[in-house]
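Read through the structure below, which is laid out as structure tokens, and then see the notes.
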Amino acid sequence: MKVAPKFLIYRNSRIMASERYNPRDAEPRWQAEWNEREIFKTDNDDPRDKYYVLEMFPYPSGRIHMGHVRNYAMGDVVARYKRARGYNVLHPMGWDAFGMPAENAAMQNKIHPKEWTYANIATMRGQLKSMGLSLDWSREFATCDVEYYQRQQSLFLDFLDKGLVYRKQSKVNWDPVDQTVLANEQVIDGRGWRSGALVEQRELTQWFFKITDFSQDLLDSLDELDQWPEKVRLMQKNWIGRSEGLTLRWETVGNELPEEFRDVTVYTTRPDTLFGASFLAIAADHPLAKYVAASNPAVADFAEECRRAGTSLAALETAEKKGMDTGVKVRHPFDSSWEIPVYIANFVLMDYGTGAIFGCPSGDQRDLDFARKYDLPVVPVVMPEGGDAASFTVGDTAYDGDGVMINSRFLDGKSTTDAFQEVADRLSATLLGGKPQAERKVNFRLRDWGISRQRYWGCPIPVIHCDECGVVPVPKKDLPVQLPDDINFDKPGNPLDRHPTWRNVKCPHCGKDARRETDTMDTFVDSSWYFARFTAPHADEPVITATADAWLPVDQYIGGIEHAILHLLYSRFFTRAMRETGHVNLKEPFKGLFTQGMVVHETYKLDDGANGTWVQPSEIRLEETDGVRRAFLAESGQEVTIGSIEKMSKSKKNVVDPDDIIASYGADTARFFMLSDSPPERDVIWTEAGVEAAHRFVQRIWRLVSEAAPALRGVKAAPAESGEALPVSQAAHKALLAVANDYDRLGFNKAVARVYELVNALAAPLTKAANEKVDEAYASALREATQILVQLFAPIMPHLAEECWKEIGCTGLISDAPWPAYLESLVVENTVTLPVQVNGKKRGELTIARDASQSDVEAAVLALDFVTSALAGATPKKIVVVPQRIVNVVV
RNA sequence: GCGGGCGUGGCGAAACUGGUAGACGCAAGGGACUUAAAAUCCCUCGGCCUUGGCUGUACGGGUUCGACCCCCGUCGCCCGCACCA
């Protein structure tokens with residue numbers, strides 16, 4: 001980042017009464033002071049009310065980015081504000097340190113994942129420290145620390161013991177060339193990102209957490225999370241996907257199929273549409289599909305094609321809907337002469353329901369597209385209320401709403417709800433092969449959590465495979481199962497798998513030769529309980545129950561919206577599982593949740609089009625002539641294209657390094673800018689002009705405060721209740737009330753606007769105090785107002801606040817100072833100004849006593865000239881008076 | 001494809017959740033100070049016509065005394081989709 005040199009010169013010589021504020025001097029000085037006095041170290045035994053504020057811990061990718069600055073600045077404001085409000089605040093930091101990038105770095109740069117990770121942590125810790133965050137660093141840990149993952153293995157064993165862990169077959173993306181499992185993001189257009197080989201799906205036996213044991217509870221408890229964004233609760237609700245339906249068995253036609261295929265079970269939420277059924281669709285992995293494939297090469301080929309589509313749901317559903325007739329037919333449950341074909345379809349998932357559906361084309365768009373493609377009948381069975389049964393048809397759009405049944409024999413005329421019940425009742429009472437043909441069933445979309453990863457850089461799953469005893473848990477006394485250091489990534493595949501000795505172990509049960517599990521855990525496991533570990537980070541047990549119970553839930557959790565579903569749902573599950581295993585006594589880990597927006601930046605491209613190259617903002621010079629902005633390379637002057645505003649990413653090079661910003665402007669400026677202007681839940685656009693303006697404001701505050709300081713130092717701080725200084729005190733106390741309210745709601749941008757307003761209000765008084773003699777009452781009020789101002793911005797710009805605090809003669813650290821109390825008499829107004837509308841349009845104003853009665857207001861309004869002229873002698877139809885708000889005269 | 005969200009001046013936004021649309025800031029323009037520049041200070045700033053008014057919160061409808069806010073529909077952009085973290 002290149003900055004105009006004048007910004008970098010902080011002169012030592014005195015200019016007028018003060019010098020420029022120099023963050024490069026002040027910030028390290030105050031950080032050292034805080035550190036020395038250990039004021040951010042949290043005592044678990046402190047008797048005050050607790051407040052736990054946590055930001056999602058970072059992945060140690062190398063350097064912090066602006067998104068981190070924004071996230072941690074928000075958390076720090078909350079922490080500092082709550083500390084001032086008298087809480088015992090826990091505000092810890094750690095590292096989400098396992099994961100793929102370390103392995104990729106190992107392959108590309110021949111560096112050990114551990115070395116790479118800890119080096120990154122060291123760099124990023126330094127960067128975070130330069131931000132002046134009020135963190136308790138004594139609680140820091142990384143999830144790749146043996147001390148941490150040992151406890152995670154211990155939790156795993158407890159879960160296993162409790163029946164919350166099991167193994168089953170599950171599919172993975174397999175790269176046949178690299179002989180390795182690929183993450184979804186490593187599969188690009190169906191091919192491995194490194195090898196380019198067509199990706200296959202393979203079945204592996206993998207470990208799962210039984211999150212589905214808690215489906216209903218995870219859903220129900222969302223109602224209690226009233227300090228979560230509504231959208232996140234809704235997303236989780238949809239993800240869990242509770243539905244009420246019917247499992248329904250369809251008898252297959254003919255006797256040539258084996259016993260197990262005498263019927264096919266489907267799950268449906270729309271049994272009412274049964275008479276619109278025109279096909280059954282089963283997943284490529286359905287047992288019947290496999291059976292047919294064994295003797296039918298075309299079906300086998302098609303099933304294989306489906307398997308190549310990748311494991312991601314998005315890929316599956318975006319793909320063209322395809323199917324293939326298996327030749328098998330089934331009988332309609334209400335008419336044994338009605339035969340319906342069974343297709344294999346690429347959009348039916350074995351994981352959901354029973355892996356088989358019946359298709360009703362008139363009532364489901366996907367089924368309709370499918371039916372049109374394969375020329376299957378489309379019979380409308382539901383029409384909207386009030387429709388005409390004779391003329392209602394379905395063309396290109398299915399009708400999936402509620403309504404009235406048609407073309408459905410005994411259901412005709414019934415509502416969809418009644419038809420559902422009727423079908424369920426009848427088929428539950430019908431026997432097929434000695435069992436009811438249908439059963440009511442609550443189904444969840446939520447699947448169990450597969451945690452097996454065939455990778456090195458993760459927490460080893462602590463079990464042993466013995467030929468005699470099967471799967472044997474590692475005894476707790478043998479923990480940790482430590483990752484071996486002597487590995488390399490010369491060959492594809494999992495280094496643990498091919499390690500010469502690590503796998504070899506004696507069976508803890510029978511003592512014979514056995515093998516270690518070489519799968520490691522999904523990194524989401526690591527982040528599912530770190531918030532609990534922070535409460536007692538050095539304990540022998542995963543958590544100290546009483547301590548965890550005292551600190552949890554996290555009062556305010558702050559992080560990106562991208563974690564709205566998985567991380568938060570897994571953490572909610574984990575807390576429940578830890579409760580079942582006796583580690584904690586609560587089930588919801590996060591009381592308050594806040595999802596912040598991204599940091600975005602303009603992009604710059606040299607040579608337009610496909611082969612253009614992206615250019616970093618630091619290499620750019622911007623010009624504006626006649627309202628047109630143009631960008632040039634600073635070095636050569638060559639013009640570059642200004643592209644769209646996008647999330648900061650390395651690939652688009654539209655990144656700004658926080659280190660550069662902090663070095664040029666200081667941490668306070670960076671923090672202030674990240675919190676000002678944009679509401680925290682929305683994306684914020686990083687602009688040079690914005691940072692510079694923030695920095696100017698920092699300087700402005702310092703100049704005003706330091707110039708007036710000599711006049712303020714000697715006087716006692718006291719608000720003015722009357723006289724010349726009254727407006728000064730009123731402005732300060734009104735701002736105090738408003739900013740506290742803003743901080744309580746995480747409205748940082750609004751708090752910043754209030755701080756601007758207060759500075760504007762105090763600018764003239766401060767300048768006056770700096771330049772001329774003011775009386776003591778005035779100076780006292782001004783000092784009190786200035787102290788309030790400094791306290792208001794202290795959570796955002798703590799270093800500048802400490803500097804100002806000291807300058808105006810306050811003792812102690814502002815980081816330790818209690819939040820000031822506002823005076824009621826200084827914030828209430830005696831009169832109110834009401835806008836007056838005529839027929840809903842504003843025509844003027846009325847200033848009247850605050851406590852004026854409704855009839856007083858009406859009388860005063862009717863006397864206003866613009867009202868009398870609008871009325872022209874007539875009586876108003878109505879006068880709407882909203883107290884303290886508005887008056888509307890309806891003519 | 002499914003799920004979720006967002007859309008207000010040239011720009012970031014505010015509007016106490018149905019009550020003055022545009023607070024506060026950025027950018028721009030004008031002025032003061034200065035030998036000059038920077039910094040600083042003052043003024044203007046949604047659009048259209050004439051002081052006063054008309055119009056305006058993505059677009060089209062609706063409810064209401066009153067709609068950025070609630071309802072229905074349309075368009076555009078963003079995020080998630082279970083092995084990225």
Side-chain angles (χ1 to χ4, degrees), chain A residues 4 6 15 20 56 58-59 61 96 98-101 172-173 181-187 206 229-232 234-235 237-239 241 311-321 347 351 365-366 369 446-455 522-524 527 560-567 569-570 597-598 600 624 627 629 644 646-647 676-679 681-685 687 689-690 692-694 696-697 699-700 703 738 741 749-750 752-757 760 763 767 833-837 839-842 844-845 876-880 882 884-891:
Chain A
K6 39 196 160 286
I15 309 160
R20 281 172 74 79
M56 291 179 185
Y59 178 79
S61 56
D96 189 12
F98 276 135
M100 277 203 320
V172 294
N173 299 309
V181 174
L182 298 176
N184 283 336
E185 69 159 14
Q186 297 174 318
V187 180
Q206 309 212 65
E230 190 54 44
K231 62 176 173 180
V232 174
L234 193 56
M235 284 162 89
K237 187 183 169 205
N238 291 335
W239 187 261
T311 53
S312 101
L313 198 59
L316 215 70
E317 298 210 346
T318 326
E320 190 192 356
K321 307 294 172 281
F347 57 87
D351 289 321
Q365 193 58 45
R366 201 165 51 178
D369 296 342
L446 181 66
R447 309 200 296 255
D448 276 332
W449 175 12
I451 61 154
S452 281
R453 297 293 181 272
Q454 293 70 37
R455 303 189 202 290
D522 178 7
T523 56
F524 270 124
S527 56
I561 185 71
E562 66 272 21
H563 294 295
I565 298 175
L566 292 181
H567 163 58
L569 196 61
Y570 290 154
M598 297 180 300
V600 295
E624 178 166 342
R629 293 177 67 243
S644 59
E646 296 186 45
K647 177 179 181 172
S676 56
D677 291 351
S678 287
E681 69 277 7
R682 222 182 281 181
D683 290 351
V684 62
I685 302 175
T687 61
E692 287 180 10
R696 276 201 303 273
F697 186 60
Q699 294 296 350
R700 181 169 185 232
R703 183 165 20 85
N741 192 29
N749 57 322
K750 292 184 227 173
V752 165
R754 301 286 179 199
V755 169
Y756 270 112
E757 274 174 338
N760 289 342
T767 308
T833 300
L834 299 174
V836 178
Q837 297 180 330
N839 289 337
K841 294 199 171 185
K842 190 194 166 194
E845 288 179 339
K877 284 188 191 143
K878 193 173 177 184
I879 301 178
V880 182
V882 183
Q884 319 290 322
R885 273 288 153 74
I886 202 164
V887 181
N888 189 9
V889 182
V890 185
V891 181

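All values below were derived from every heavy atom in this structure, side-chain atoms included, with hydrogens, water molecules and symmetry-related copies excluded. Please read all numbers here as calculations on a predicted model, not as lab measurements. Each chain gets a letter, A, B and so on, in the order its sequence line appears, and its residues count up from 1.
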Select base, sugar-phosphate, or nothing to describe what [X] touches, counting heavy atoms under 4.0 Å on all strands.
X	answer
A:Q454	base
A:S452	base
A:G690	nothing
A:Q186	nothing
A:K231	sugar-phosphate
A:P679	sugar-phosphate
A:E681	nothing
A:V889	nothing

Would you say A:S676 places a side-chain N or O within less than 4.0 Å of OP1 or OP2 belonging to B:rG25?
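Answer no for this pair, as no side-chain N or O of A:S676 is under 4.0 Å from OP1 or OP2.
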
Has A:R682 got a side-chain N or O lying under 4.0 Å from the OP1 or OP2 atom of B:rA13?
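A:R682 to B:rA13 OP1/OP2: side-chain N or O found under 4.0 Å.
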
Reading 5' to 3' through nucleotides 76-82 of chain B, protein heavy-atom contacts under 4.0 Å coded B for base, S for sugar-phosphate only, - for none:
-----BB

Contact letters for nucleotides 42-49 of chain B, in which S counts primed atoms plus P, OP1 and OP2 and B counts the base, heavy atoms under 4.0 Å
--------

Using atom [atom1] of [X] as one end and atom [atom2] of [N] as the other, report the distance to the nearest whole Å.
X	N	atom1	atom2	answer
A:R20	B:rA39	CZ	C1'	8 Å
A:L182	B:rC83	CG	P	14 Å
A:D351	B:rC83	CG	P	11 Å
A:Y59	B:rC84	OH	C1'	10 Å
A:F524	B:rC83	CZ	P	8 Å
A:F697	B:rC26	CZ	P	9 Å
A:E185	B:rC84	CD	P	6 Å
A:R885	B:rG18	CZ	P	10 Å

Between A:V181 and A:I886, which has a closest nucleotide on RNA chain B that is more 5'?
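On the 5' side of the pair lies A:I886.
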
Starting at the 5' end of RNA chain B, which residue's closest nucleotide do you reach first, A:K321 or A:A183?
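Its nucleotide being nearer the 5' end, the pick is A:K321.
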
Going by the glycosidic torsion and a 90 degree boundary from 0, is the base of B:rU17 oriented syn or anti?
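That one's syn.
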
Is B:rG9 syn or is it anti, if syn means the base angle is within 90 degrees of 0?
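Judged by the O4'-C1' to base torsion, B:rG9 sits in syn, the angle falling within 90° of 0.
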
Spacing of CZ belonging to A:R703 relative to CD belonging to A:Q699, to within rounding of 0.5 Å:
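Here the rounded value is 8.0 Å.
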
For nucleotides [N] and [M], find the distance between their [atom1] atoms and express it as a whole number of Å.
N	M	atom1	result
B:rG18	B:rA23	P	23 Å
B:rA15	B:rC59	C1'	23 Å
B:rU20	B:rG66	P	15 Å
B:rG25	B:rG73	P	41 Å
B:rC69	B:rG19	C1'	11 Å
B:rU64	B:rG1	C1'	39 Å
B:rG46	B:rG56	C1'	8 Å

Give me, pair by pair, the N or O atoms of the protein and of nucleotides 65-71 of chain B that are less than 3.5 Å apart, along with how far apart they are.
| from | atom 1 | to | atom 2 | distance (Å) |
| --- | --- | --- | --- | --- |
| B:rC65 | O2' | A:N888 | ND2 | 3.3 |
| B:rC65 | O2 | A:N888 | ND2 | 2.5 |

Anything under 3.5 Å between a protein N or O and an N or O of nucleotides 22-24 of chain B, put it in a table, one pair a line.
| from | atom 1 | to | atom 2 | distance (Å) |
| --- | --- | --- | --- | --- |
| B:rA23 | O2' | A:E757 | OE2 | 3.0 |

Side chain A:D96, main chain A:S527, donor-acceptor under 3.5 Å
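No; zero donor-acceptor contacts below 3.5 Å.
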
Show me the dot-bracket string of RNA chain B, counting Watson-Crick or G-U pairs under 3.5 Å, with | for pairs to another strand and [ ] for crossing ones.
(((((((..(((......[....))).(((((.......))))).((((..))))..(((((..]....))))))))))))....

Nearest atoms (heavy-atom pairs only) where A:A763 meets A:R700
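Result for this residue pair: CB-NH2, 3.8 Å.
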
Taking only residues two or more places apart in sequence, or in another chain, which ones meet A:A183 in a side chain to side chain contact (heavy atoms under 4.5 Å, CB included)?
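Testing A:A183 for side chain to side chain contact (heavy atoms under 4.5 Å, CB included), a comparison that skips the adjacent residues, returns A:M100, A:E185, A:Q186, A:R455.
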
Determine the interplanar angle of the A:F524 and A:Y570 rings, folded into 0 to 90°, and report it as parallel if under 30°, tilted if 30 to 60°, perpendicular if over 60°.
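Taking A:Y570 first and then A:F524, their aromatic rings stand perpendicular (interplane angle over 60°).
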
Does a salt bridge link A:R453 with A:D522, judged by any charged N lying under 4.0 Å from a carboxylate O?
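Salt bridge present between A:R453 and A:D522.
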
